[in-house]
> 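Before anything else, here's the structure in question.
Proteins come first, then strands; the chains are lettered A, B, ... in the order of their sequence lines, and each starts at number 1.
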Number of protein chains: 2
Amino acid sequence: MLFLGTIENKIDTKGRVSVPSDFRMATKNDDFQGVILYHSFTHKCIEGCTMQRMEQLSDATDNLDLFSEENENLNSLIFSDARQLSFDVTGRIVIPADLIEFAGIKGNALFVGRGKTFQIWDKDEFEKYQKETREKAFKNRPSLSFKKD
Amino acid sequence: MLFLGTIENKIDTKGRVSVPSDFRMATKNDDFQGVILYHSFTHKCIEGCTMQRMEQLSDATDNLDLFSEENENLNSLIFSDARQLSFDVTGRIVIPADLIEFAGIKGNALFVGRGKTFQIWDKDEFEKYQKETREKAFKNRPSLSFKKD
DNA sequence: TTGACAACCACGAAATACCATAATATGATG
DNA sequence: CATCATATTATGGTATTTCGTGGTTGTCAA
């Protein structure tokens, strides 16, 4: 299952926030009932994924480190930065304060599906980013066509 | 299985609409009993596909490189906008209000098969679009002849 | 003792599951 | 061919559950 759609939820005073129901469903076949969060290296937002994907990433870097040492080093940064956060009974997690600060989130968190991963944005920051992206994508529209499987 | 044909169904006040039986059949071997909807990038309509297709798309664009911006922006556009909608017992889905508005659908929804995907149109909008397309096709008739490969 | 953090409880709004009926198609039978 | 019976599908309305949210209590460590 994939992380799809964009959902806005409130963060309370303690940093608690409901992970959208659909996102939780996307992890329900997973061993670890929760998500992995780490700060994005390309955008002002938090990135998230399942534990399963972390393990895949680990396997991949294991195999590739002979060839691209640079990338391997960068990827390994993630493992030191990643936090595993399990859902409470109502489906919430507590986002660490430093991540909230990094992403500039105030009050409301925007969960943005990206397939195998997702992101958590401040609403305003995301709108800014999305506007830029749309413009770029429109310029390169031919590459947007769905490719054959 | 493919989405074929054109079927018109009513949308009630809550946005509920029966997905045509043939369309449902096209997903019956799928794990997820429902469809994925997102707004078209090229037309005033809603586009739809199966979860299986989304997963294929995800696999195709997924590389474990966390630092390349290009692929990410494309993924973001598609996956952040997609909604997964499961059938109820009678085979209906609830189309989100913003998608209905985007496509300008009022009361009746036209399900238009496109093979691996389908579209949902407002009836009038579709007729308008179809008329334009026919005119264009007529103008460019010579280039429309079947080509040999 | 205090502060951080996790488990627990409770509630309203919104989503969805459930039930009943109408419409349509399919097929059998005289 | 006409009629009836049956099954499938579409549609409308109501009841129930889920989800997101806020607050409280309990626990452990500093």
> Between which nucleotides of DNA chain D, read 5' to 3', does contact with chain B run, using atoms under 4.0 Å from its heavy atoms?
D/dT9 to D/dT14
> Look at the side chain of A/Asp88 and the backbone N and O of A/Gly91, then say whether any donor-acceptor pair between them is shorter than 3.5 Å.
yes
> Look at the side chain of B/Asp81 and the backbone N and O of B/His39, then say whether any donor-acceptor pair between them is shorter than 3.5 Å.
yes
> Looking across every strand, which nucleic acid part, if any, lies under 4.0 Å from B/Ser21 by heavy atom: base, sugar-phosphate, or nothing?
sugar-phosphate
> Could you walk me through whether A/Val112 and A/Gln130 pass the side chain to side chain contact (heavy atoms under 4.5 Å, CB included) test, one step at a time?
CA-CA 11 Å; A/Val112 180; A/Gln130 206 178 31; over 6 Å; no
> For DNA chain D, determine which residues of residues 87-107 of chain B have any heavy atom closer than 4.0 angstrom to one of its atoms, and list them numerically.
B/Thr90, B/Arg92
> Can B/Tyr38 be reached from A/Met1 by stepping across I, L, V, M, F, W or Y side chains whose heavy atoms are under 4.5 Å apart?
yes
> Under 6.0 Å between ring centres: does that hold for A/His43 and A/Phe41?
no
> Using atom CE of A/Met25 as one end and atom P of C/dT16 as the other, report the distance to the nearest whole Å.
11 Å
> Within the 4.5 Å heavy-atom criterion, are B/Leu37 and B/Ile93 side-chain neighbours or not?
yes
> Give each protein N/O atom lying under 3.5 Å from an N/O atom of nucleotides 21-27 of chain C, with the pair distance.
none

> State, yes or no, whether a side-chain contact exists between A/Ile7 and A/Ser21 at a heavy-atom distance under 4.5 Å.
no
> Where do A/Met54 and A/Phe79 land on the side chain to side chain contact (heavy atoms under 4.5 Å, CB included) test, with the steps shown first?
CA-CA 8 Å; A/Met54 269 289 143; A/Phe79 294 113; 3.8 Å; yes
> For B/Gln84 and C/dA15, give me the distance from atom CD to atom P, rounded to whole Å.
15 Å
> Within a strict 4.5 Å, meaning less than it, do heavy atoms of the B/Phe87 and B/Val35 side chains meet?
yes
> Is any side-chain heavy atom of A/Ile36 closer than 4.5 Å to a side-chain heavy atom of A/Arg53?
no
> B/Asp122: what forms a salt bridge (charged side-chain N to carboxylate O under 4.0 Å, His left out) with it, not counting sequence neighbours?
B/Lys106
> Could you check A/Ile95, A/Asp98, A/Val94 and say which one makes a side chain to side chain contact (heavy atoms under 4.5 Å, CB included) with A/Arg83?
A/Asp98
> Side-chain heavy atoms under 4.5 Å apart, restricted to Ile/Leu/Val/Met/Phe/Trp/Tyr: what other residues fall into the cluster of B/Phe102, or is it alone?
none
> Quick one: bend of the helix from C/dT1-D/dA30 to C/dG30-D/dC1 from 5 pairs per end, to 10°?
30°
> Between atom CD in A/Glu8 and atom P in C/dA14, what is the gap in whole Å?
14 Å
